[in-house]
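Working notes, structure below.
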Amino acid sequence: MTETTTKRMEDIVGLCRRRGFIFQSSEIYGGINGFWDYGPYGSELKRNLKNAWWEDIVHGDVVGPTGDPVRIVGVDCTIIMNPKTWVASGHVGGFNDPMVDCRESKSRYRADHILCLGTTDQADAGRLFAFLEGDEDGLARARKMLEKYVKRTLEDEELATRAFMELSAEERTTTVGPDVKDPGTLTEPRMFNLMFETYCGAIRDEDSKAYLRPETAQGIFTNFHNVVDSSRVKVPFGIAQIGKAFRNEVTPRNFIFRSREFEQMEIEFFIHPSEAESWYAWWRDQRYAWWKSIGLAGDNLILREHDQDELAHYAKEGAGTSDIEYRFPFTAPGFGELEGVAHRSDYDLRQHAEHCGKGEKMRYFDQARNERYFPHVIEPSAGADRGALALLCEAYTPDESRASKVYMNFDPRVAPVKAGIFPLVAKDGMPEIAEKLHREIRRRHVVEMDAKQSIGKRYARMDECGTPYCITIDGDTSSDQAVTIRERNTQSQERVSLNKVAAFLDDKIHGDG
RNA sequence: GCGGGUGUAGCUCAGUUGGUAGAGCGUCAGCUUCCCAAGCUGAAUGUCGGGAGUUCGAGCCUCCUCACCCGCUCCA
């Protein structure tokens, strides 16, 4: 891909900073790893992305695989929820894995997956040989090393296997790691809490411990019955939410691609279990087409079906999981996930029904089918920041022939600024006409008025932040009541009547063209 | 968390053996300018990533630390 190889991530990051798209969080204090702020243009871009999603999903007018209009309602839930939520969802268990590093081999292991081989004979105690649970070769190797250490062949009965987690600190220092020869290279087990913890209320104790949500989905699941009871929705229907989520990632990396605080755009679409296949396929294709529609139309966007062995715990038995992936400069020639579409079965609703104590009574009653069941869920879960980053990467277009050397080829719908309004020169009544036009349009579209410096500089600045149109008032405007509109990509101009400028922008931004 | 690299103005970079921090571009102001970073004049802008140490004196040497990039690892 010559197109992607000419895009260097550091240039994109530089432009984002220079033109006020994205800054490092709390930069004046040296920044903080994994947190990023959106500046004036970046916040417009991200807002446009989220608004496009909300408008198309919640206010959308589409027909589903059944032939009926698709019904989706929105919610806006809190970041901090009752901590039992995360026990039910499996995050308290799954997000708290003790890890062990080997200083010698540089490997990292799940501490609860390490077993240690020693002898039953206390006289031989003093050295243990670690191997990974279920690793037959590792076990054989450990036994060989143990026999070499005690200088004799051992019978099966003489062997003792103990969990690494149960060893004393002293015993751990005499344990030989799975991939090394000498003891003492394994670190103490360390908890990697991927959920951020906090405390609710003034007293900091275990009872007041709470979590910052690691996904917005659980707010939807816990409100399922509230929405059903209050909104006259019937399965199949969806609940959508846009909101912040937090994960204490081990390694935040790649600009805003993996950060510790990020924003999700999630839909939980509730269906009868028998319709999982068709809804799953429909949503997968629908979401793929949507990303294309907002400007990721090239072959940098792919749809990838997961293999069975990479499915999440809640999706094992389902109709499948797909990723919509984008070829970012830092993943090329590979791809990075923008959105996952997963069949989560009825896992979450069942978990919550069980944990909240209401059990089978929580089942949904389907009037049409005269049947009680836990609806299955198709979950299209997108990253808003990853989406914004993909839009930035896709838009970034080096062009040595123009003054700015680069322009941002945003779709008009997501462009932070829709048009620049320029008096060609700052005299002869042109600024006054420009100011009048600016006031007329600014309530409908984000436009920038600029009368300073040469027209070339003003065009160049707009190219660099991806403004699709520049409207220029020239010496003829006062007599013919028309302006030139310059199109960003082609740099071509057309003359448009002053009173048709607003309609021109309406059409370009909201129209099909 | 490990290994490697980087860090001087908004950006790109210079900065001598350790001796008063610079340039270009951009930004801003004024003039000029009738269509693509033009020209002229002027101005603002530095915790030299941060802290400690060595030294009469540190952007430069030493140690610690932070952030970013690359490679591992991780990514329910």
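The model shown is predicted, which means the values in this text are computed figures rather than measured ones. In what follows, chains carry the letters A, B, and so on, assigned in the order in which the sequence lines appear, proteins first and then strands, with residues in each chain numbered from 1. The figures here come from the full heavy-atom set of this structure, side chains too, leaving out hydrogens, waters and symmetry mates.
B/C25 sits 10 Å from B/A38 when the P atoms are compared, rounded to a whole Å. Going from the C1' atom of B/U27 to that of B/C68 covers 25 Å, rounded to whole Å. The gap from the C1' atom of B/G24 to that of B/U45 amounts to 15 Å, rounded to the nearest Å. When the C1' atom is used for both B/G57 and B/U41, the distance is 40 Å, rounded to whole Å. Distance noted for atom C1' between B/G1 and B/C75: 15 Å (whole Å).
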key: Sugar-phosphate or base contact per nucleotide [nucleotides 36-49 of chain B; S, B, -; heavy atom under 4.0 Å]   = BBB--------B--
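Taking the six-membered ring for Trp, A/F269 and A/W279 have ring centres closer than 6.0 Å.
Distances shown here put a side-chain N or O of A/N33 below 4.0 Å from the OP1 or OP2 atom of B/C68.
Where A/E249 and A/G31 each meet RNA chain B at their nearest nucleotide, the meeting point lying more 5' is that of A/G31. Between A/D476 and A/K452, it is A/K452 whose nearest contact on RNA chain B lies nearer the 5' terminus.
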query = If pairs are Watson-Crick or G-U with both distances under 3.5 Å, what is the dot-bracket string of RNA chain B, marking crossing pairs with [ ] and pairs to another strand with |?
reply = (((((((..((((.....[..)))).(((((.......))))).....(((((..]....))))))))))))....
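At whole-Å resolution of the value, CG in A/D450 and C1' in B/C28 are 12 Å apart.
Residues satisfying the side chain to side chain contact (heavy atoms under 4.5 Å, CB included) criterion with A/S381, sequence neighbours excluded, are A/Q264, A/E266, A/E379. By the side-chain hydrogen bond (donor to acceptor under 3.5 Å, both in side chains) test, A/Q493 pairs with no residue at all, sequence neighbours left out.
Side chain to side chain, A/S89 and A/Q218 fail the donor-acceptor criterion of an N or O pair below 3.5 Å. Looking at A/S401 and A/D399, their side chains do bring a donor and an acceptor atom within 3.5 Å of each other.
Note on A/D474: a base of the nucleic acid sits closer than 4.0 angstrom, heavy atoms only. Among the protein residues, A/F422 comes within range of no part of the nucleic acid, since none of its heavy atoms lies under 4.0 Å from any strand. The residue A/M9 sits apart from the nucleic acid: no heavy atom pair falls under 4.0 Å. A/G475 comes within contact range of at least one nucleobase, with a heavy-atom separation under 4.0 Å.
Among residue pairs with one or both ends in residues 19-30 of chain A, those qualifying as salt bridge (charged side-chain N to carboxylate O under 4.0 Å, His left out) are A/R17-A/E27, A/R19-A/E464; sequence neighbours excluded.
The one candidate from A/K50, A/R386, A/K244 that meets the side chain to side chain donor-acceptor pair (under 3.5 Å) condition with A/E263 is A/K50.
Only at 4.0 angstrom or more do the heavy atoms of residues 433-442 of chain A sit from any atom of RNA chain B, so none qualifies.
Look at A/D463 and A/R488 and you find no salt bridge, because none of the NZ, NE, NH1 or NH2 atoms lies under 4.0 Å from a carboxylate O.
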